[in-house]
2 protein chains.
Amino acid sequence: MIRKTHRKSLVEQVAEQMEQLIEQQQWTVGTKLPPEMELMAEFGVSRNTLREAIRALVHAGLLETKQGSGTLVRSASTLGSALERRAKKSTMLETLEVREALEKQAAQLAAERRTETDLANLEACIQSCRHASAHGDVEQFIASDLQFHKNVVLASGNPLLVDLYEHMTGILYAFIQDVLAMEPCLQTGQEVHLELLEAIRKQEPESAAWYAARDMNILKEMILDAREESYEETNRNIGR
Amino acid sequence: MIRKTHRKSLVEQVAEQMEQLIEQQQWTVGTKLPPEMELMAEFGVSRNTLREAIRALVHAGLLETKQGSGTLVRSASTLGSALERRAKKSTMLETLEVREALEKQAAQLAAERRTETDLANLEACIQSCRHASAHGDVEQFIASDLQFHKNVVLASGNPLLVDLYEHMTGILYAFIQDVLAMEPCLQTGQEVHLELLEAIRKQEPESAAWYAARDMNILKEMILDAREESYEETNRNIGR
DNA sequence: AACGGACCAATCATCCTACAACTTTCAGGA
DNA sequence: TCCTGAAAGTTGTAGGATGATTGGTCCGTT
């Protein structure tokens, strides 16, 4: 068969190879890449070509370069920075509503497909939440709370949903962290979590979605209460 | 105030400027960019720097270069190609479930916030659907059907949701197109659309979400029925 | 006049060299 | 020991040269 043309440019080929190395964990997050000279030899391309490939991945959020120091892997997925860039142009409420969409769907699917392992993981998170709450360990509480929600989404068995949810949560993390430190959520949130777990255990999708929505609304109200100052701050940060 | 360092490299600055030009529609989709020599002069950077910036945007899906011809604007948003790249690694069912998540949430929000204009638009789409269905105009029917769903999401008043929904729909478009051409959906789909519109008109969020889910499930079943052959084809396309 | 082919100019793709700016390392002196 | 500063390593930017592809022009043939 005759190949009409090299459909892909050299730069794209190199970028693709590097993306695969990252995806396949051969270059894990935090890894420092070999210097440009070595990569040139390894890929058999000139410095310009290699640099254009690297720059493409830097812009996509996969790599990070520091002059004089080197290049390192920043993230294993492109979605993160793309979503981040888009979310910065939106209000926090809009971002929260998208996260709510994902979480409700995830809860519903989790109720349909959850395994015994999923249930055990969720239970463990609730226990951890309760323990942290009783000891007033805010940091541990937040971690366990986030882990609970993540496990719900994981139980949905949809990796794409997991990815999107994780990134949306990451974007909102700074705010969530501040808000979750407040007192009341330590109580009400827990009860809803229990109800949600029960709905998932009993495989009642509608009910699970409802409790997920309930939990999100509690969080949404809290965040919106503290929105004024945080929102200003965000805008300032975005401004420059 | 003292500027510590040039936080951003020249390449990033140029890329950012070009992104703004695209975002602000000064460079609209399809526009041919000036040749590299002119851009070099305009931005005041060397050829390498400019090319690295261009390459970053090409990789992000915003630009497209053709040797010997020139560079043109391919898309106004980065999200599209990032989502596309991620979705290609997932099954169609997973993608459908994400789209379902967005659509249900959109229907719910639309029921809360819809304006009279939104209702009029939705009504017009349904009329158009009915007309096309009566005349057996499949192409027109599909267009109107997609437009109806898009208007539902638009009525949610959440631009981020709209963007994500649009891109997910775009990814699924090829399949949707094939499936919608089937007979039965011309009937059942219409009824559900009417019910959904009524729920939105009466501002009943839960009901609206339910009908949106119902509509998605009809589509989902149809697609999954025709999945075997389409799925194989997809894998072949993805393969190379 | 219409068609086809060779030529030519514009444009991007790749490569090369050189130097600047920044970081890290480490040897040498206080 | 601690500090300093020189040197090596690494990425950032610049400029030039050549190859490959495209699109159009012009000319000759039918």
Side-chain angles (χ1 to χ4, degrees), chain A residues 1-19 21-22 27-75 81, chain B residues 2-19 21-22 27 29-75 81:
Chain A
M1 184 195 263
I2 303 173
R3 298 191 67 87
K4 309 223 165 186
T5 67
H6 290 45
R7 287 198 346 280
K8 294 180 179 176
S9 69
L10 262 183
V11 176
E12 285 299 327
Q13 289 179 39
V14 173
E16 198 172 311
Q17 286 185 59
M18 291 198 293
E19 273 179 339
L21 285 173
I22 294 172
W27 285 353
T28 60
V29 175
T31 306
K32 195 176 136 187
L33 270 60
E36 291 176 349
M37 303 296 281
E38 289 183 27
L39 291 176
M40 284 168 58
E42 183 165 343
F43 290 112
V45 296
S46 77
R47 181 146 181 244
N48 276 348
T49 303
L50 175 72
R51 280 185 59 80
E52 284 182 23
I54 289 179
R55 186 61 66 183
L57 299 195
V58 167
H59 191 78
L62 289 170
L63 299 181
E64 187 178 358
T65 60
K66 268 188 289 191
Q67 186 176 184
S69 173
T71 305
L72 50 85
V73 182
R74 182 175 180 258
S75 162
S81 65
Chain B
I2 303 172
R3 296 190 69 86
K4 311 204 170 184
T5 69
H6 292 45
R7 288 199 346 278
K8 295 179 179 176
S9 70
L10 264 183
V11 177
E12 284 298 327
Q13 289 179 38
V14 173
E16 198 172 312
Q17 286 185 57
M18 292 198 291
E19 272 179 337
L21 286 173
I22 294 172
W27 286 352
V29 175
T31 304
K32 199 177 130 187
L33 270 60
E36 290 176 351
M37 302 298 285
E38 289 183 27
L39 289 176
M40 284 169 59
E42 183 166 341
F43 290 113
V45 297
S46 79
R47 192 169 150 83
N48 277 343
T49 304
L50 176 71
R51 279 184 60 81
E52 283 182 22
I54 289 179
R55 185 60 70 181
L57 299 195
V58 167
H59 192 77
L62 272 69
L63 298 181
E64 185 178 359
T65 60
K66 264 187 291 193
Q67 189 176 182
S69 172
T71 306
L72 50 84
V73 181
R74 182 175 178 260
S75 162
S81 65

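Keep in mind that the numbers below use all heavy atoms, side chains included, and drop hydrogens, waters and symmetry copies. Numbered from 1 within each chain, the chains take letters A, B, ... in sequence-line order.
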Would you say the side-chain atoms of A:S81 pair up with the backbone N or O of A:A60, donor to acceptor, closer than 3.5 Å? yes
Specify the separation, in whole Å, of atom CD1 of A:I54 and atom C1' of D:dT13. 15 Å
Could you tell me which non-hydrogen atom of B:L50 sits nearest to which non-hydrogen atom of B:E36, and how far apart they are? CD2-O, 3.4 Å
Does the side-chain hydrogen bond (donor to acceptor under 3.5 Å, both in side chains) test come out yes or no for A:H59 and B:E16, once each step is laid out? CA-CA 10 Å; A:H59 191 78; B:E16 198 172 312; over 6 Å; no
Drop me the distance from B:R55's CZ to A:S9's OG, to the nearest 0.5 angstrom. 4.0 Å
Any donor-acceptor pair under 3.5 Å linking the side chain of A:T28 with the backbone of A:T31? no
What's the NZ-C1' distance between B:K66 and C:dC12, to the nearest Å? 12 Å
Within residues 35-53 of chain B, find the residues that approach DNA chain C with a heavy atom at under 4.0 Å, and present them sorted by residue number. B:P35, B:E36, B:R47, B:R51
Over all atoms of both residues, closest heavy-atom pair of B:L72 and B:G30: CB-O, 4.2 Å
Would you kindly compare A:V11 and A:G68 by the position of their nearest DNA chain C nucleotide and give the one closer to the 5′ end? A:V11
Answer yes or no: does a side-chain N or O of B:S69 lie under 4.0 Å from OP1 or OP2 of C:dC12? no
Rounded to whole Å, the CD-C1' distance (B:Q67 to C:dA9) equals 15 Å
Length of the line joining A:L10:CG and C:dA13:C1', which is rounded to integer Å: 8 Å
Between C:dT11 atom C1' and B:R55 atom CZ, what is the distance in whole Å? 13 Å
Nearest whole Å is fine: how far is C:dC12 C1' from B:L72 CG? 12 Å
Phosphate-side-chain proximity, A:T71 and D:dT11, N/O vs OP1/OP2 below 4.0 Å: yes
